[in-house]
Amino acid sequence: MSAKNYIAILSVCIGLAVASVSQAEIIYQDDFSGGTGDINGQAPDIGANNWVASATFNADGSIDNTATTGSSMTLAFTPDDGFIYTLDASISGIVGNTNWFGLGFANGQSTVVSANTRFITNTVVGTAWMLFRGDNPPGPTPAATFNVAQLGTGVLFPPTTNGGISDPQNWTALATDEGGDIDMRVVLDTTGGTGFWTATWFAKRPNDASFSEVRASTLIPMTSEANFTSVGIAVSRPDASGVDGTIEFFQLTSVVPEPSTFLLLGLGAALLVSYRRLG
């Protein structure tokens, strides 16, 4: 077979593989435009469940600066094997001290204003999540002063209840930036099946051309997979001495690669190897 024919067949395989990848399905989406009152009990623009949130969170994406501790706003969600889930949020005008906004997958939901509902311990536990601080000064305890991407419970807390783990990692990309506008993204890949789920963390500033990976793909302990029951946003200390900002956009999508994708890519690779050997 000529080189031209090999290349033609390889191109067809790659083209069919790309075409066979399913389009992303929007599971949840909300741009918070036109919302009034508390967001608790209100429906997102797209999605089958209503928000479960403390009175800290308003339906227009703003937060009330009256609470002395954190809380969360979540939507019920349970992942399945075989998908790539992408969770996104855009938050603008973040100001304040070392307190933060967080985005991620979690276990539990609550309407209570409490440190135990902000992805840290006990009631609403972050399972694969990240946070961005209103201020990001270096300090003697890095986990307390830098942006963090993590699996499991709190930045400074050991595992408590809910079968949690505690695996924080500071992100160095964009780490010198303090407050302002931020896009955060957590990708949960369950295509490996039970026992082989992974999470990857990304962030983007307004002037960036694309997202930066801020923590590489990390295997999620199989014992934690059952603890993925919600997605949402948490805030730590939104009082006047804490942090402020506005949630502009929230979205969860899913993609499942068609089995033919892997078969076609495998065929293309085999043809390429065969051509090289014959050449």
- Stepwise side chain to side chain contact (heavy atoms under 4.5 Å, CB included) test for V255 and E25: CA-CA 6 Å; V255 170; E25 176 188 355; over 6 Å; no
- Task: Please step through side chain to side chain contact (heavy atoms under 4.5 Å, CB included) for the pair N147 and N170, ending with a clear verdict.
- Result: CA-CA 6 Å; N147 304 319; N170 300 330; over 6 Å; no
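At distances below 3.5 Å, not a single donor-acceptor pair connects side-chain atoms of S71 with backbone N or O atoms of S54. At distances below 3.5 Å, not a single donor-acceptor pair connects side-chain atoms of S72 with backbone N or O atoms of T74. Panel note: side chain E213, backbone F202; no donor-acceptor pair is recorded below 3.5 Å. A side-chain donor-acceptor contact under 3.5 Å links T127 to the backbone of A106.
Partner of F77 under the ring pair (Phe, Tyr, Trp, His ring centres under 6.0 Å) criterion, out of Y28, F83, Y85, F228: Y85 alone. Between W197 and the options T218, D189, T190, a side chain to side chain contact (heavy atoms under 4.5 Å, CB included) holds for only T190. Each of T117, V52, N107 was checked for a side chain to side chain contact (heavy atoms under 4.5 Å, CB included) with V124, and the lone residue meeting it is T117.
A distance of 7.5 Å separates CD in Q109 from CG in N49, rounded to the nearest 0.5 Å. Atom CG of residue L87 and atom OG1 of residue T253 lie 8.5 Å apart, to the nearest 0.5 angstrom. Going from atom CD1 of I63 over to atom CG of D239 covers 9.5 Å, rounded to the nearest 0.5 Å. With rounding to the nearest 0.5 angstrom, the CD atom of E225 is 12.5 Å from the OG1 atom of T78. A distance of 6.0 Å separates OG of S33 from CG of D45, quoted to the nearest 0.5 Å. Annotation: the span from D244 atom CG to R237 atom CZ amounts to 13.5 Å, rounded to 0.5 Å.
When all heavy atoms are compared, the tightest approach of V186 to A128 is CG1-O, 3.8 Å. When all heavy atoms of L219 and F196 are compared, the pair lying nearest together is CD1-CA, 3.7 Å. When all heavy atoms are compared, the tightest approach of V214 to M130 is CG2-CE, 3.9 Å. Contact detail for R118 and V235: the closest heavy-atom pair is CB-O, 3.8 Å. When every heavy atom of S114 is checked against every heavy atom of T69, the shortest pair comes out as CA-CG2, 3.7 Å. Contact between G102 and M184 at its shortest, heavy atoms only, is C-CE, 4.4 Å.
You'll find the side chain of D38 reaches within 4.5 Å of the side chain of N58, heavy atoms only. Looking at heavy atoms from C-beta onward, I26 lies in side-chain contact with Q251 at the 4.5 angstrom threshold. Between L75 and F250 there is a side-chain heavy-atom pair separated by less than 4.5 Å. Contact check for W51 versus F57: no side-chain heavy atoms found under the 4.5 Å cut-off. Counting heavy atoms from C-beta outward, I94 and V243 have side chains that approach closer than 4.5 Å. Taking 4.5 Å as the limit, every side-chain heavy atom of D31 sits out of range of all side-chain heavy atoms of Q29. Taking the side chain as every heavy atom from C-beta outward, T200 and L188 never approach each other to under 4.5 Å. Considering only heavy atoms from C-beta on, L252 stays 4.5 Å or farther from T86 through its side chain.
Checked against the 6.0 Å centroid criterion, the rings of F119 and W129 qualify as a close aromatic pair. Ring-centre distance between F249 and F32: not below the 6.0 Å cut-off.
Tracing side-chain contacts under 4.5 Å through hydrophobic residues (I, L, V, M, F, W, Y), one never reaches F211 starting from L103; they form parts of separate clusters. Under the 4.5 Å side-chain heavy-atom criterion for grouping Ile, Leu, Val, Met, Phe, Trp and Tyr, V231 is connected to V256 within one hydrophobic cluster. I84 and L151 end up in different hydrophobic clusters when Ile, Leu, Val, Met, Phe, Trp and Tyr side chains are linked at under 4.5 Å.
S90 and D183 form a side-chain donor-acceptor contact under 3.5 Å, judged by distance and modelled atom types alone. In this model, a donor atom of one side chain and an acceptor atom of the other lie less than 3.5 Å apart for S236 and N99.
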